[in-house]
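Order of the sequence lines fixes the chain letters, A, B, ..., with proteins taken first and strands second; residue numbering starts at 1 for each chain. Atoms considered below: every heavy atom in the structure, side chains included; atoms not considered: hydrogens, waters and symmetry mates. From a predicted model like this one, the values you see are computed outputs, not experimental measurements.
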Amino acid sequence: MTRQKKFRAGPIIPPEAAPLKALTVTMAVMCYLACLAIGALILIDRAVESWTSGLSREVTVQVRLMQDADIEKELSKAKILLETTVGVVNVAVLERDAGAKLLEPWLGTSNLDDLPIPRLIRVTVNEAAPPDFVALEKQLKKSVKGASLDTHRRWEAELTRMARALSTLSYAILVLICISAIAMVIFATRTVLDANRQVVDVLHLVGAKDSYIARQIDSRFLKTGFMAGLLGVGLGVATFFLLGLSGTIGADGVADASRGLLFAPPEIAVWSYGILLSVPIIATVICLVTSRMALIRMLRSVL
Amino acid sequence: MTRQKKFRAGPIIPPEAAPLKALTVTMAVMCYLACLAIGALILIDRAVESWTSGLSREVTVQVRLMQDADIEKELSKAKILLETTVGVVNVAVLERDAGAKLLEPWLGTSNLDDLPIPRLIRVTVNEAAPPDFVALEKQLKKSVKGASLDTHRRWEAELTRMARALSTLSYAILVLICISAIAMVIFATRTVLDANRQVVDVLHLVGAKDSYIARQIDSRFLKTGFMAGLLGVGLGVATFFLLGLSGTIGADGVADASRGLLFAPPEIAVWSYGILLSVPIIATVICLVTSRMALIRMLRSVL
Amino acid sequence: MVRLDSVGLRYGDGPEILRDISFHLRPGSLCFLTGPSGAGKTSLLRLLFLALKPTRGLINIFDKDVSQVNRWELPLLRRRIGVVFQEFRLLDHLTTFDNVALPLRVMGQREDSYRADVMDLLNWVGLSDQAQAYPPVLSGGEKQRAAIARAVISKPELLLADEPTGNVDPVLAKRLLHLFMELNRLGTTVFLATHDLKLVSQGKGAVLHLEKGILKAA
Amino acid sequence: MVRLDSVGLRYGDGPEILRDISFHLRPGSLCFLTGPSGAGKTSLLRLLFLALKPTRGLINIFDKDVSQVNRWELPLLRRRIGVVFQEFRLLDHLTTFDNVALPLRVMGQREDSYRADVMDLLNWVGLSDQAQAYPPVLSGGEKQRAAIARAVISKPELLLADEPTGNVDPVLAKRLLHLFMELNRLGTTVFLATHDLKLVSQGKGAVLHLEKGILKAA
Ligand SMILES: Nc1ncnc2c1ncn2[C@@H]1O[C@H](COP(=O)(O)OP(=O)(O)OP(=O)(O)O)[C@@H](O)[C@H]1O
Ligand SMILES: Nc1ncnc2c1ncn2[C@@H]1O[C@H](COP(=O)(O)OP(=O)(O)OP(=O)(O)O)[C@@H](O)[C@H]1O
Ligand SMILES: [Mg+2]
Ligand SMILES: [Mg+2]
C-alpha cells in the first residue's frame with residue numbers, strides 16, 4: 001500500500017531558529033550602529049570642512065593701545081613671542097587700517113583717525129599641529145601689554161580638534177563593530193554546528209562531502225546577514241530622518257547636516273546613500289565569508 | 001574492586017560555551033555602547049548647562065546710527081516688530097551707555113561722547129520655543145535701518161537645540177540597547193535550553209524541580225552578565241580617557257568634558273563613576289531577571 | 001500500588017495506541033510486559049512514570065489519581081519511581097558515576113553520603129572500571145547497564161524498565177534479571193517490558209501481553 | 001572485499017580494545033560477529049566504516065589501504081558501505097521517509113527518482129504508515145527498522161549492522177534477517193554484529209566470536 005502523496009523533502013540541517021535569530025538581532029544592532037558611525041563620520045567631515053574653510057589657518061592677535069605703553073614695542077615683543085611658538089607658521093603685523101575695519105560694524109566708515117584703534121597681528125598656524133592656544137594667550141597677556149587672542153577662531157580650532165577626536169572614535173567604533181560582528185558569526189557558527197554535531201556526524205557517515213554540509217548551513221547565514229543589514233540601515237536612515245526634522249532649516253548644525261545626508265543634491269546623495277547601502281552588503285559578506293571559513297575549519301576537525 | 005578516588009561531581013547542565021560566550025561578547029559591546037551613550041548624555045548635559053548659563057535666554061539686537069535715519073524712530077520700529085514675534089518674551093531698549101560698553105574692548109574707557117555709538121535692544125526669548133532667528137534677522141534688516149541680530153548668541157541657541165537632539169538620540173540608543181540586550185538574553189536562554197532539551201527532560205524524569213533546573217542555568221547568566229558589564233565599562237572608561245588626552249587642557253570642548261568625567265572633583269566624579277558602574281549592575285540584573293523569567297516560562301511549557 | 005482502569009491513549013489526533021487497559025500491580029509484585037514492536041509497551045510505561053496523561057480512563061499510582069496531580073507534586077512522585085528507558089537517556093556530559101548518582105543528587109543528597117553505594121552498584125553491574133568514563137565512550141551494553149543502575153540507585157518503590165536487556169548478551173541479561181528480582185525481594189514493585197521470551201520464562205512473575213494496544217493476560 | 005591483518009585499536013591512552021584481529025570477508029559473503037557486551041564489536045565495525053583508524057595493523061577495504069585514504073576520498077568510499085548503528089542515529093528533524101532517503105539525497109539524486117524505491121522498502125520493513133512520522137514518535141523497534149532501511153536503500157556493496165534486532169520481537173527479527181539474506185543473495189557482503197544466538201543459528205553464514213578484543217572463529 002504505497003501512498004502516492006506529494007512529499008516535500010525537509011532541510012538537511014534542522015532549521016534551529018534560536019542562534020540565528022539571535023545573530024539577526026545582534027547583527028541588525030551592529031549595522032544600525034555602523035550606520036550611525038558612518039553618518040557621524042560624514043557629518044563631522046563636512047563640518048570640519050566648513051569650519052576650516054572659514055578658518056583658513058589663521059588666528060588674529062589684537063594689541064590695544066595702552067596709555068603708558070609704546071605700541072610699536074609691544075607689537076614687536078608679541079611678534080617675537082609668536083614666532084618662537086611651536087605650531088606657528090607665519091606672523092605678520094597688519095597696518096593700522098586693518099584695525100579700523102574691525103570697528104566698522106559698530107561705527108560705520110566715519111573718520112576714526114583720532115581714535116585709539118587697536119593693532120592686529122595675523123598668525124598663520126600649522127593646521128595639522130596647532131599651538132596650545134590657552135597657554136599662548138596666557139603668555140601673551142603676561143608679556144605684552146594690551147594683547148589678546150581672537151577667541152572665536154581659537155574656539156573654532158578647538159572644535160576642529162574635537163571633531164577629529166570624534167571622527168577617530170567613530171572609526172574605532174566601526175572597527176570594533178566589524179570585529180565583534182565577526183566574533184558573533186563565529187560563535188553562532190559554532191553554536192549551530194554544536195547543536196547539530198550528531199546530524200553532521202551522520203551526514204559524514206552516509207557519505208556527504210564537507211562542502212555539501214557547509215552549503216546547507218551557509219545559506220542560512222547569508223540570509224541572516226542580509227536581513228540584519230537591511231534592518232540596521234533602515235533604522236539608521238530613519239534616525240537621520242528624525243534627527244533632520246529636529247532642527248530648524250538653514251541653521252548650521254547637525255540637524256541641517258543630517259538633512260543634507262538624505263536630501264542632498266543627487267551627486268552627493270548618491271554617494272552617502274551608496275556608503276549606507278554598503279552596510280548590508282558588508283554585513284552579508286562578513287556573515288558568509290566568516291561562517292564559511294569557520295565551517296570548513298570546524299568540519300575538518302571531525303574525522 | 002571499589003576505587004576510593006576523590007571524585008568531583010560534574011555540572012548538572014553541560015557547560016556549553018558557545019551561546020554564552022556569544023552572549024558575553026554581545027553584552028560587552030552593548031555595555032560599551034551604553035557607556036558611550038551615558039558619557040555623551042553627561043557631556044551634552046554639562047555643555048548645554050554652560051551654554052545656557054552664558055545665554056541667559058537673551059538675544060541682543062543692535063541698531064547702528066545711519067546718516068539719514070532717526071535713531072529713535074528706528075528703535076521703536078524694531079521694538080514693535082520684536083514684540084509681535086512668536087517666541088519673544090520681553091523687549092527692552094537699552095541706554096546709550098550700554099552700546100558704549102560694547103566698544104570698550106577695543107577703545108578702552110576713553111570718552112566716546114562724540115562717536116556714533118550703536119544702540120542695543122535686549123530681547124528675552126522663550127528658551128523652550130525660541131523664535132526662528134534666521135527669519136527674524138531677515139525681517140529686521142528689511143524693516144529697520146542699520147539693525148542686526150547678535151549672531152553669536154543665535155548660534156549658541158542653535159547649538160543647544162542640536163545638543164537636545166543628540167541627547168534624545170542618546171536616550172533612544174540607551175533604550176534600544178536595553179531592548180536588544182533583553183532580546184539577546186532571551187535568545188541565549190532559548191538556545192541553551194534547546195541545546196539541553198534532553199538533559200532537562202531527564203532531570204525532570206528523575207525528579208528534579210523546575211527551580212532546581214533554573215538555578216543551574218541561571219548562575220551562568222549571572223556570571224556572563226557581570227563579566228560583560230565589567231568589560232564594557234572598562235572599555236568605555238578607557239575610551240573617555242583616550243578622548244580626554246586628545247584635547248588641550250582648559251579648552252571648552254568634549255576632550256575637556258571627558259576629562260572632567262574622569263578626574264572631576266570628588267563630589268562630581270563619584271556621581272559619574274556611579275552612573276558608569278551601574279552599567280554592569282544593570283547588565284547583570286537584565287541577564288539574571290530575563291533569563292530566570294524566560295527559563296521558568298520555558299520549563300513550564302514542558303510537562 | 002498501581003491501578004489502571006479502562007485507560008485509553010492517543011497521541012494528538014492519531015489513532016488510539018492503547019485501548020481499555022485495566023490491570024493492578026500489587027505492592028511487591030513482579031510483572032513482565034511483552035508484545036510485538038509498536039504494540040504500545042513504551043507508551044504504557046510513559047503513562048506509569050507520569051510523562052504522559054491518558055486520554056481517558058483512570059490511573060492510580062501510590063493511591064493518587066494521576067489526573068489530580070499538580071505540577072509541583074510531580075517531582076516528589078517521580079522520586080519514588082525508577083525508570084530504565086529503552087534509549088537509555090544518559091547525560092553525555094556526566095561520568096557514569098555522576099549519571100548513576102543523579103537521582104540522589106537531584107534530591108539534594110551530598111556526595112559523601114552516596115559515593116560508596118554508587119560504587120557498589122557499579123561494581124555489581126560490571127561498570128566499576130568505567131565509573132569515570134562518559135557515556136559516549138561506553139559500549140551499547142555498558143550504557144544499558146548504567147541506565148539500569150541509575151534507575152535502581154534510589155531504591156524506588158516502583159521500578160519500570162523498558163527493554164532492559166536488548167543490548168546485552170544472554171549471560172549478562174540473566175545477571176541483570178537477578179538484580180531486578182533481588183530488588184523485588186526487598187519490596188520494590190517491578191514492571192519489565194521486554195521482547196526476550198527467555199528472560200520472561202526465567203523470571204517468576206506475572207506476564208501481560210500487549211497486542212495492538214489491547215492487553216491480553218498470557 | 002575486506003581484509004584485516006593483525007589490527008590493534010586503542011582509544012587514546014587506554015588499554016587495547018582490539019588485539020591482533022585478522023580476517024577476510026570475501027565479496028558476497030555473510031558473516032556474524034558475536035561476543036559479550038564490551039568485547040569490542042562496535043569498535044571493530046567502526047574501523048570498517050572508516051570512522052576510526054586502527055592503532056596498528058592493516059585494513060583493506062575495496063582493495064584500498066585505509067591508512068592511505070585521503071579525506072576527500074572518504075565520502076566516496078562511505079557511499080559504497082551501508083551501516084546500521086547500534087543506537088540508530090536517525091535525524092530527528094527529518095521524516096522517516098527523508099531519513100531513509102538520506103544516502104541517496106546526499107549523493108545528489110532527485111526525489112522523483114527514488115520515491116518509489118524508498119516507499120517499497122518502508123513497506124517491506126512495515127513502516128509505510130510511519131513514512132511521514134518523525135523519529136522521536138517512533139517506537140524503539142520502528143526506529144531500528146528505519147535505520148536498517150537507511151542502510152540498505154542505496155544497495156551498498158558492503159553492509160555493516162550493529163545489533164540490528166535488539167529492539168524487535170523474534171518474528172520481526174526473522175523477517176529482517178531475511179532482508180539481509182536477500183541483499184546478500186544479490187551480491188552485498190553482509191557483516192552482522194549481534195547477541196542474538198538464535199538469529200545466528202537461523203542465518204547461514206560464518207561466525208566470528210570476539211572476546212575481550214581477541215577474535216576466535218566459532
Ligand atoms: N510521541 C508520539 N507521537 C505519536 N505517535 C507515537 C508517539 N510515540 C509512539 N507513537 C506510536 O505509538 C505506537 C506504539 O509505540 P510504543 O513506543 O509504545 O511501542 P513499543 O511497544 O514500545 O514498541 P517497541 O517494542 O518497538 O519499542 C507506535 O506505532 C509509535 O509510532
Ligand atoms: N570512544 C571510546 N573511547 C574510549 N573507550 C571506548 C570508546 N568506545 C568504546 N570504548 C570502550 O571499548 C570497549 C568496547 O566497546 P564496544 O562498543 O566496541 O563494545 P561492544 O562489543 O560493541 O559492546 P556491546 O555489545 O555492549 O555494544 C568498551 O569497554 C568501551 O567502554
Ligand atoms: Mg518501546
Ligand atoms: Mg556495541
Side-chain angles (χ1 to χ4, degrees), chain A residues 1-22 188-221 223-224 292-303, chain D residues 46 49-53 69 71-83 85 87-112 114-124 128-129 131-132 134 147 150-151 153-154 156 160:
Chain A
M1 184 203 57
T2 309
R3 270 188 287 173
Q4 282 301 347
K5 214 175 100 187
K6 181 78 195 133
F7 301 126
R8 267 188 53 220
I12 294 269
I13 300 286
E16 265 233 341
L20 284 170
K21 261 191 209 158
T189 310
R190 175 153 289 296
T191 312
V192 169
L193 217 56
D194 275 355
N196 295 299
R197 183 154 302 285
Q198 318 268 16
V199 176
V200 169
D201 264 11
V202 170
L203 287 176
H204 270 138
L205 292 176
V206 299
K209 294 178 183 170
D210 284 348
S211 56
Y212 179 83
I213 300 172
R215 216 158 41 231
Q216 307 293 327
I217 300 177
D218 255 7
S219 53
R220 308 251 171 90
F221 279 91
K223 233 169 65 185
T224 298
R292 169 59 68 118
M293 272 167 47
L295 272 174
I296 291 289
R297 227 196 50 229
M298 290 172 197
L299 286 177
R300 283 266 163 73
S301 71
V302 200
L303 180 73
Chain D
R46 271 191 207 139
F49 64 73
L50 310 167
L52 276 181
K53 302 218 168 196
V69 169
R71 198 183 148 71
W72 61 265
E73 278 180 292
L74 271 180
L76 303 176
L77 282 179
R78 282 184 178 143
R79 289 175 189 184
R80 300 163 69 184
I81 309 176
V83 194
F85 300 97
E87 62 282 27
F88 319 144
R89 301 227 195 166
L90 300 172
L91 300 186
D92 283 353
H93 65 288
L94 294 181
T95 60
T96 306
F97 178 92
D98 281 338
N99 261 293
V100 171
L102 194 64
L104 303 178
R105 198 166 156 193
V106 157
M107 284 180 208
Q109 288 191 28
R110 300 224 23 217
E111 209 205 306
D112 312 333
Y114 59 69
R115 191 184 309 142
D117 286 353
V118 172
M119 284 311 299
D120 278 356
L121 184 57
L122 283 177
N123 212 13
W124 169 256
S128 53
D129 286 346
Q132 294 306 308
Y134 291 86
R150 183 179 64 187
I153 186 67
S154 60
L160 307 170

Quick check: do A:Val202 and D:Leu90 have side-chain heavy atoms less than 4.5 Å from each other?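 Result no, sub-4.5 Å side-chain heavy-atom pair not found.
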A quick test of your reading: do over 12 heavy atoms of other residues, nucleotides or ligands sit less than 6.0 Å from CD of A:Gln198?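 No, because the 6.0 Å sphere around CD of A:Gln198 holds 12 heavy atoms or fewer from other groups.
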Does a sphere of radius 6.0 Å around CE in D:Met107 hold more than 12 heavy atoms from other residues, nucleotides or ligands, not counting ones at 6.0 Å or beyond?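 Count over threshold, so yes.
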Can you tell me how far apart CG (A:Leu203) and CZ (D:Arg78) are? Round to the nearest 0.5 Å.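 So the CG of A:Leu203 and the CZ of D:Arg78 are separated by 11.0 Å.
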Spacing of D:Arg150 atom CZ and A:Leu205 atom CG [to the nearest 0.5 Å]: 8.5 Å
From CA spacing to verdict: side-chain contact (heavy atoms from CB on, under 4.5 Å), D:Leu102, A:Ile12: CA-CA 9 Å; D:Leu102 194 64; A:Ile12 294 269; 3.8 Å; yes
Heavy-atom pair with the smallest gap, counting every atom of A:Val199 and D:Leu91: CA-CD2, 3.7 Å
Using non-hydrogen atoms only, which part of D:Ile81 is less than 4.5 Å away from chain A: side chain, backbone, both, or neither? neither
Using the test side-chain hydrogen bond (donor to acceptor under 3.5 Å, both in side chains), find all partners of A:Arg190 that sit at least two apart in sequence or belong to another chain. none
Taking a cut-off of under 4.5 angstrom between non-hydrogen atoms, the residues of residues 206-214 of chain A near chain D are A:Val206, A:Gly207, A:Ala208, A:Lys209, A:Asp210, A:Tyr212
Within the side chain of D:His93, is there an N or O that forms a donor-acceptor pair under 3.5 Å with the backbone of A:Gly10? no
